[in-house]
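The block underneath contains the structure these notes are about, expressed in structure tokens.
Naming convention: chains lettered A, B, ... in sequence-line order (proteins, then strands); numbering from 1 in each chain.
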Protein chains: 2
Amino acid sequence: MKIEEEIKQSAFKSEYHKAFINMLYTASWLELEQSNLFKPFGITLPQYNVLRILRGQHPKPATVSMLIERMLDKTSNASRIVDKLEVKELVTRKQCPNDRRTVDVLITDKGLALLKELDVLDDNNKTGIHNLTEEETIELNRILDKVRQ
Amino acid sequence: MKIEEEIKQSAFKSEYHKAFINMLYTASWLELEQSNLFKPFGITLPQYNVLRILRGQHPKPATVSMLIERMLDKTSNASRIVDKLEVKELVTRKQCPNDRRTVDVLITDKGLALLKELDVLDDNNKTGIHNLTEEETIELNRILDKVRQ
DNA sequence: TGCAAATATATGTACATACATTTAATGTAC
DNA sequence: GTACATTAAATGTATGTACATATATTTGCA
């Protein structure tokens, strides 16, 4: 559906203004789609993203600062997201012996198993971005990188 | 900067997966840019969006349900955003006489004056989306609409 | 050595999101 | 016209974001 209909706005000041609104709206649309997919597993998107970073490091641990550096949203609060994952026993956290300021965060077997389930879900999800052709997807990536130049 | 470098991830599963992450990352980047622009005025993005909808209606009032319908994020809590705006005297709220379940929300002169200031700011902002050519912007809008098909 | 600066993480607070529940008013079926 | 369903908005709670501050540890340098 065209963005004008979605938010019931008849006209935008410019194509640029429309693209700005369209970006925010579509991203939030994609997030909602993804979070609904994950809801039955009791995991939120930020928690999922942290788990994925941890799997990328596994079996090495990650520190909280590494998580912040790699998270999509740099200003979010990695400590508290790890809190939630720890309660669900998807990660462990223990003080690093070399530098006792830092904390080693490790994904557990339970965490790895959960990610495996979610991978399948993700692979089977053919909505959203998958409406595009391969060429359109490449073009979208190029344009987005240019926006952040 | 390419998305791989931004989030320090060397490879994506597919161009589609990369586009998904790129969308969320770039939208959050744009939101941060916009919210920094507005910070000196003590207004958040959702509050700004509600004010804009109210200006679109002015001098007619809007109801809370109309705000929800037109907001970018449909599941957010319009009541509480209106609370914040009311405290700052940017909107007024009073029970509608015809249907006493609904509430008439109206933008004040102070609210209109604030929006006028922000418009100027917005017009002078030539970063982000404005890095694109007009053709790229049109193509971006087309692709985003297709994602939400 | 000793002490200030830097670093890593955690915590506090205001705001927003997501979703369930509550309250009040209205609509509708019988 | 009363009873039940529906609607509009507000409220409660858990999570997350944004940002400031606190605490502990390490580093660096006089």
Closest-nucleotide mapping onto DNA chain D: is B/Ala62 or B/Arg80 further toward the 5' terminus? I mean the 5' end.
B/Ala62

Relative to the 5' end of DNA chain D, which residue comes earlier, B/Asn36 or A/Gln47, by the nucleotide with the nearest heavy atom?
A/Gln47

Roughly, in whole Å, what's the span from [atom1] in [X] to [atom2] in [N]?
X	N	atom1	atom2	result
A/Asp83	D/dA14	CG	C1'	14 Å
A/Glu86	C/dA10	CD	C1'	13 Å
A/Leu24	C/dT17	CG	C1'	15 Å
B/Glu31	D/dA18	CD	P	8 Å
A/Glu69	C/dT9	CD	C1'	16 Å
A/Leu85	D/dT15	CG	C1'	12 Å
A/Leu51	D/dG16	CG	P	11 Å
B/Asp104	D/dA8	CG	P	14 Å

Is the distance from OP1 or OP2 of [N] to the nearest side-chain N or O of [X] less than 4.0 Å?
X	N	value
A/Thr102	C/dA8	no
B/Ser76	C/dT17	yes
A/Thr44	D/dG16	yes

Can you pull every protein N or O that's under 3.5 Å from an N or O on nucleotides 22-26 of chain C?
residue, atom, partner, partner atom, Å
C/dT26, OP1, B/Arg100, N, 3.1

Please classify the nucleic acid contact of B/Ser79 as base, sugar-phosphate, or nothing, using heavy-atom distances under 4.0 Å.
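The residue B/Ser79 makes base contact.
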
When we call it a touch if two heavy atoms are under 4.0 Å apart, what does A/Thr63 touch: a base, just sugar-phosphate, or nothing?
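The answer is sugar-phosphate, as A/Thr63 gets under 4.0 Å only of primed atoms, P, OP1 or OP2.
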
What nucleotide, of [options], holds the atom closest to the side chain of [X]?
X	options	value
B/Asn77	C/dA16, C/dT9, C/dT17	C/dT17
B/Ile81	C/dA10, C/dT17, D/dC19	C/dT17
B/Val103	C/dA16, D/dA10, D/dA18	D/dA10
A/Arg93	C/dA10, D/dT15, C/dA16	C/dA10

Check: [Y] main-chain N/O paired with [X] side-chain donor or acceptor under 3.5 Å:
X	Y	value
B/Thr108	B/Leu90	yes
A/Tyr16	B/Leu132	yes
B/Lys88	B/Ile43	no

Once side-chain hydrogen bond (donor to acceptor under 3.5 Å, both in side chains) is applied, do any residues pair with A/Thr26, and if so which ones, sequence neighbours excluded?
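With sequence neighbours excluded, A/Thr26 shows a side-chain hydrogen bond (donor to acceptor under 3.5 Å, both in side chains) to A/Asn22, B/Arg148, given in chain and number order.
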
Is A/Leu32 linked to A/Leu37 within one hydrophobic cluster, defined over Ile, Leu, Val, Met, Phe, Trp and Tyr using a side-chain heavy-atom separation of less than 4.5 Å?
no

Indicate, with yes or no, if A/Leu115 and A/Met66 share a hydrophobic cluster defined by side-chain heavy-atom contacts under 4.5 Å among Ile, Leu, Val, Met, Phe, Trp and Tyr.
no

Does B/Met23 reach the side chain of B/Leu144, with side-chain heavy atoms less than 4.5 Å apart?
yes

With a 6.0 Å cut-off (strictly less than), is the heavy-atom count around CG of B/Asp109, excluding the residue itself, greater than 12?
no

